[in-house]
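These notes concern the structure reproduced below.
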Amino acid sequence: MSACQEKVPIWRIVLLFIACLSVYMYLYTNAFDNMRTSSVYRVVEGDLQAVLKDKIGSISYYLRLMEQSDNSLKIAVSSSAAGKPTINTTRASAVTTKPTTKAPTTQSLASISALLREKFKSEIEAGTVKPLLTLFTSWNENSEKSLVHKLTVTNWNSLKPFIVPLIFTNDSSVAKECSNSGWEARNISVAAADGIPVLKYMYKDAIANYNSTFYAYANGDILFNEKLVNTLMFLLNSTVDLSSPVLIVGRRTNVDNVTYEEGSAWDNITKAARSRGKLFTGWAEDYFITTRGYPWKDIAEVVIGRRAYDNWLVYHSRKSKFTVIDVSMTVLAVHQTTKSGNFEGHQHPNRDYNHNLLVKMYKRIKYNAGVIECIDKATEYEHNVLQVKTRKVHNSCSV
Ligand SMILES: *[C@@H]1O[C@H](CO)[C@@H](O)[C@H](O)[C@H]1NC(C)=O
Ligand SMILES: *[C@@H]1O[C@H](CO)[C@@H](O)[C@H](O)[C@H]1NC(C)=O
Ligand SMILES: *[C@@H]1O[C@H](CO)[C@@H](O)[C@H](O)[C@H]1NC(C)=O
Ligand SMILES: *[C@@H]1O[C@H](CO)[C@@H](O)[C@H](O)[C@H]1NC(C)=O
Ligand SMILES: *[C@@H]1O[C@H](CO)[C@@H](O)[C@H](O)[C@H]1NC(C)=O
Ligand SMILES: *[C@@H]1O[C@H](CO)[C@@H](O)[C@H](O)[C@H]1NC(C)=O
Ligand SMILES: *[C@@H]1O[C@H](CO)[C@@H](O)[C@H](O)[C@H]1NC(C)=O
């Protein structure tokens, strides 16, 4: 009797087959609708193929996802303070919650993503897949920024094991503080303009010393949440060729004086950004996610934290015909704005270091073609599927 119950009933398999078939037909017809204007990368399709080929474990896993959408199963997903998503599935018989009318798609996208994260997490912990991203930054001791840095350390830690947080610093007290908190720490290998790290060598060092699918420098005052993990996880299964040079950037949301409570949990970051965040201009790019295949060795020796390098990098990548993707719509990047404001890189000595270097190398630099609005590929969710859509950009974006 009990042995019988443990097997997956045949009707479930039939149901799965019908469901897959209809998703397929939907995807197929929809792909044709979009074909003329955009190249659409679909993630779910690949998933279903994998599941069909896979063992019963995956099938029952997918059945759980599907049952959830017809509400016979209630899936509760919550993010704990430490940022570890926990999944609690319980049969909802007596206490059936009515399907909420407000944004059911968002709810089930969040649940599906949480399940996929949980699965991915156990695979990373088992060593069967690489972490998604080695995420690095650099700062020195600065008492005015101590809360900002503390929050960044806590926040990037909450994204482990998907993300490997790493600091480049020669400041031994900073290195010690970060590594005691669970970050990796490395010395700056090449600096310029009075000791500022040169961007490309941080990538080179990170790639040489850590295994992950993606590598990114981000400014030390940027907070992320699960949306970054979801986007990268979905991109991994998409048809975007990750063995080629890919650059992924997005707009940031400025939030003034982020408090410890606001910044130390994913949900609270989302709330603060919603209630008092301001989406900043597409001229500012604060994080640069690249694949291992991005040709960092050929990149000019620009330094971080001084203007021009961000727009130049995007411009250069577009000009070089690398895949450039704007993830503003699916990634939240909160900039912790303090009293030094939103244009810090414009106030320092050596403020034009990068520009002066670049004009010596290139005749013409169209910084304006390196703004986020000029990127013609962008991620968005449609029917719980992450897509990379091609969009039209302004004529002034030509390179
Ligand atoms: C899961 O939910 C049930 C009912 O809501 C609860 O009794 C149980 O403690 C929860 N388990 C976990 C691990 O949170
Ligand atoms: C940085 O270099 C110093 C001096 O060479 C060394 O003592 C220290 O261990 C290095 N730090 C790291 C994190 O490698
Ligand atoms: C850090 O140390 C390296 C050598 O270990 C040196 O080249 C670099 O200039 C130093 N950076 C700073 C900011 O002192
Ligand atoms: C990265 O993974 C490869 C094998 O996949 C291994 O040979 C190499 O040592 C790893 N590198 C690091 C830094 O862990
Ligand atoms: C990606 O595909 C693999 C199977 O190839 C599957 O196990 C995994 O759950 C999928 N992940 C996402 C985020 O879709
Ligand atoms: C943020 O705090 C600074 C003082 O540290 C204050 O001058 C500024 O007005 C605050 N901004 C907001 C929006 O509260
Ligand atoms: C998140 O914010 C709530 C108040 O809105 C607070 O009670 C809670 O402690 C915060 N979470 C963390 C981890 O600080």
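First listed ligand is number 1; within each ligand, the first listed atom is number 1.
- Using a 4.5 Å heavy-atom cutoff, the side chains of T338 and D221 are not in contact.
- For ligand 2, the polar-atom distance check finds an N/O of N187 within less than 3.5 Å of one of the ligand's N/O atoms.
- In this structure, atom 14 (O) of ligand 4 is in close contact with the protein, since a protein heavy atom lies within 4.0 Å of it.
- Both L159 and F120 are members of a single hydrophobic cluster when ILVMFWY side chains are connected at heavy-atom separations under 4.5 Å.
- Every N/O-N/O distance between K271 and ligand 7 stays at or above 3.5 Å.
- Close approach of ligand 7 to S264 (heavy-atom distance below 4.0 Å) involves ligand atoms 12 (C), 13 (C), 14 (O).
- Taking every non-hydrogen atom of A265 and a distance limit under 4.0 Å, the qualifying atoms of ligand 7 come out as 13 (C).
- The closest protein non-hydrogen atom to atom 8 (C) of ligand 4 is N211 ND2, 3.8 Å.
- Less than 4.0 angstrom separates atom 11 (N) of ligand 4 from at least one non-hydrogen atom of the protein.
- Interatomic distance, Y201 OH to W296 CH2, rounded to the nearest 0.5 Å: 12.0 Å.
- Which parts of ligand 4 touch N209 is read off a 4.0 Å heavy-atom cut-off, strictly below it: atoms 13 (C).
- I375 pairs with exactly one of V327, V314, V393 by the side-chain contact (heavy atoms from CB on, under 4.5 Å) rule, that one being V314.
- The distance from the CG atom of N268 to the OH atom of Y260 is 11.5 Å, given to the nearest 0.5 Å.
- Close N/O approach between Y210 and ligand 4 is not found [any backbone or side-chain N/O within under 3.5 Å].
- The contact set between ligand 2 and A185, taken as ligand atoms under 4.0 Å from a residue heavy atom, comprises 13 (C).
- Checking each of S108, S111, S113 against N384 for a side-chain hydrogen bond (donor to acceptor under 3.5 Å, both in side chains) leaves exactly one that passes, namely S108.
- Residues that satisfy the side chain to side chain contact (heavy atoms under 4.5 Å, CB included) test with S143, not counting sequence neighbours, are absent from this structure.
- By the definition of a contact as any protein heavy atom under 4.0 Å away, atom 5 (O) of ligand 4 is not in contact.
- Counted within 6.0 Å of NZ on K204, heavy atoms from surrounding residues, nucleotides or ligands total 12 or fewer; the atom is thus considered open.
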